[in-house]
Amino acid sequence: MEDRIFPIELEVITPLSVGAGNDNEWVKGLDFVQNDGKIYVIDMQKAAVAGVDVDALTQLFLKSDDEGISQLLGNNIEKLSRYVFDLPVRTDNNIKTFLRTQFFDKPIVAGSSIKGSIRSALFNYLRTDEQKNEDVFGIMKDGTDFMRFIRVGDVEMPSTVLVNTKLFNLRKEGSEWLGGWKHLMNKTTGDYNPFGFNTLYECVAPGKKGLGNISLATNAFSLLENFGQGMTPYSNKKQALLNEPISRLFQVINDVTKEYLEKERAFFEKYNADRSDEVQDNIDALLAMIPTDGSCCLLKMSAGVGFHSITGDWQYEDYDKTKLWTDGRHAGKKKYKSRKIAEYNHRLQLMGFVRLHALRQEE
């Protein structure tokens, strides 16, 4: 049987950030200026060609003098910028940038990022006990790693926006642990404030869509099985995923996503704080999007994915009752308690949920 290629549509459901790496972050005082509710990422080469005094501009950047930069560039500030964004909240921190294509400078969801999230879901599905990755997927160096047979293409997206994020953490009052928002390194309170210990992410906004593909290498996996005489762990489950309709893969992903969201819902219900009800509402909306027939899948990926999702979410039966720290200053505190929460369109929500939909030929 030849490889089976499925064209897919990726739709962003909650703000999605696929990081371009720390080296590519935009730094205040080097890359961007904030002015009149906008962020301008200045292109120094454009400024030099336009006759701007680059030395003077550099000195203003070093002083973080937004007003001075704006006055120097005047009405040309937008024309001399690589990117212009609406500013959700002023910041003194670096801005986390989105991955872009090298030649055309288009935001792109890397196939490897999608594949990594699929891998986490499949690890949860395939395993039977506390096993290492290679005990479940096989070994890359001998060609048995199962993810070699699931190939995911890059997905180009149309545009990005800036989104503010805050850390939801836990705080102690007396002997009780409560939910809260982190504002300083050692300051977490029950009150929400968009400033303080916040991070701006360049994100693809909810509702934006892009096209890609998923390829299932059924023939190559069959050859491996025939050659290796069943050496691949969990062979029957893997054969089914590769040979049955892609709805089977989608259903596996949905089952893991649903279990994760239900545990997150219980966590925020127990450890509530100011505006955490908005996060609960967002979780309810995400749960309602999960179909029962595998016609599409809801997948959590990339920045803000958190410990539970990135590990396949198999270690914990819940996030709100068991698995507490047992000693030290965190004694009694819930393990893996921090969540990165985005504020978009004045509502708080989890980051990084996308919906994958396999397209019919006519689509």
Side-chain angles (χ1 to χ4, degrees), residues 1-14 16-21 98-102 104 106-126 133 136-138 140 143-158 203-204 208-222 224 232 234 237-257 260 290 294-305 309-313 351-361 363:
M1 182 182 294
E2 296 297 325
D3 290 358
R4 303 162 66 216
I5 300 174
F6 299 90
I8 61 165
E9 177 186 77
L10 183 149
E11 179 184 3
V12 176
I13 304 300
T14 64
L16 172 68
S17 171
V18 179
F98 202 93
L99 184 65
R100 292 176 177 270
T101 57
Q102 182 175 1
F104 297 103
K106 298 291 185 181
I108 190 168
V109 180
S112 58
S113 295
I114 303 170
K115 186 173 176 177
S117 296
I118 293 174
R119 183 188 182 100
S120 293
L122 292 185
F123 184 68
N124 185 306
Y125 167 70
L126 292 171
N133 267 277
V136 174
F137 288 107
M140 179 66 74
T144 61
D145 180 33
F146 180 59
M147 295 309 294
R148 291 179 55 239
F149 306 99
I150 299 178
R151 301 158 185 165
V152 185
D154 296 340
V155 180
E156 188 176 300
M157 304 303 293
C203 293
V204 174
K208 299 298 183 181
K209 300 176 181 180
L211 301 178
N213 64 75
I214 294 177
S215 175
L216 304 180
T218 53
N219 187 47
F221 186 77
S222 296
L224 173 67
T232 306
Y234 304 102
K237 280 187 172 182
K238 293 173 181 176
Q239 287 274 19
L241 286 169
L242 294 177
N243 287 284
E244 293 187 16
I246 196 170
S247 57
R248 174 67 176 266
L249 174 62
F250 284 175
Q251 190 60 56
V252 167
I253 294 170
N254 283 333
D255 289 343
V256 173
T257 300
Y260 165 78
I290 300 176
S295 55
C296 63
C297 72
L298 193 67
L299 182 68
K300 183 172 175 63
M301 58 176 296
S302 298
V305 70
S309 287
I310 203 170
T311 58
D313 194 32
M351 290 185 73
F353 278 92
V354 302
R355 180 162 48 192
L356 303 182
H357 166 63
L359 299 174
R360 297 183 300 271
Q361 187 173 4
E363 293 181 279

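Please read all numbers here as calculations on a predicted model, not as lab measurements.
We find the CZ-CD distance between F104 and E156 to be 9.0 Å, quoted to the nearest 0.5 Å. Here L298 contributes atom CG and I290 contributes atom CD1; the two are 5.5 Å apart, rounded to the nearest 0.5 Å. Atom CG of residue N213 and atom CD1 of residue I8 lie 7.0 Å apart, to the nearest 0.5 angstrom. Separation of atoms CG (N243) and CZ (F221) is listed at 9.0 Å; rounding is to 0.5 Å. With rounding to the nearest 0.5 Å, the separation of NZ in K106 from CG in L99 is 14.5 Å. The CG atom of L249 sits 6.0 Å away from atom CD1 of I214, with the distance rounded to the nearest 0.5 Å.
In terms of heavy-atom proximity, R4 sits nearest to I246 at NH2-N, 4.5 Å. Shortest non-hydrogen contact noted between V18 and S113 is CG1-OG, 3.7 Å. The heavy-atom pair separating D154 from G111 by the smallest distance is OD1-N, 2.7 Å. The two residues F353 and T257 come nearest to each other via the heavy atoms CE2-CG2, 3.9 Å. In this structure, L16 and F98 approach most closely via the heavy-atom pair O-CE1, 3.2 Å. Scanning both residues, R100 and P107, for their nearest heavy atoms gives NH1-CD, 3.7 Å.
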Output, in order, the C-alpha distance, side-chain angles, deciding distance and verdict of side-chain contact (heavy atoms from CB on, under 4.5 Å) for H357 and S295. CA-CA 7 Å; H357 166 63; S295 55; 5.9 Å; no

Run the side-chain contact (heavy atoms from CB on, under 4.5 Å) check on L241 and F146 step by step: do they pass? CA-CA 11 Å; L241 286 169; F146 180 59; 4.3 Å; yes

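When each of I114, D145, I150 is tested with R119 by the rule side chain to side chain contact (heavy atoms under 4.5 Å, CB included), just one qualifies, namely D145.
Using a cut-off of 4.0 Å between Lys/Arg side-chain N and Asp/Glu carboxylate O, R355 and E11 are scored as salt-bridged.
Residues M301 and V109 form a side-chain contact, since some pair of their non-hydrogen atoms from C-beta on lies under 4.5 Å apart. At least one side-chain heavy atom of L216 sits less than 4.5 Å from a side-chain heavy atom of F6. No side-chain heavy atom of C296 sits under 4.5 Å from any side-chain heavy atom of E9. Side-chain atoms of I13 and V354, non-hydrogen and from C-beta on, never get closer than 4.5 Å to each other.
Counting only distance, with no hydrogens or angles, the side chain of D255 and the backbone of F250 share no donor-acceptor pair below 3.5 Å. When atom types are taken as modelled, the side chain of S215 and the backbone of I5 share no donor-acceptor pair closer than 3.5 angstrom. Distance alone, capped at 3.5 Å, places no donor-acceptor pair between the S17 side chain and the C203 backbone. Between the side chain of K238 and the main chain of L126, no donor-acceptor pair closer than 3.5 Å is present. Between the side chain of K209 and the main chain of M157, no donor-acceptor pair closer than 3.5 Å is present.
More than 12 heavy atoms of other residues, nucleotides or ligands sit less than 6.0 Å from atom NZ of K237. Within a 6.0 Å radius of NZ in K115, more than 12 heavy atoms belonging to other residues, nucleotides or ligands are found.
With ring centers used as reference points, F137 lies 6.0 Å or more from Y234.
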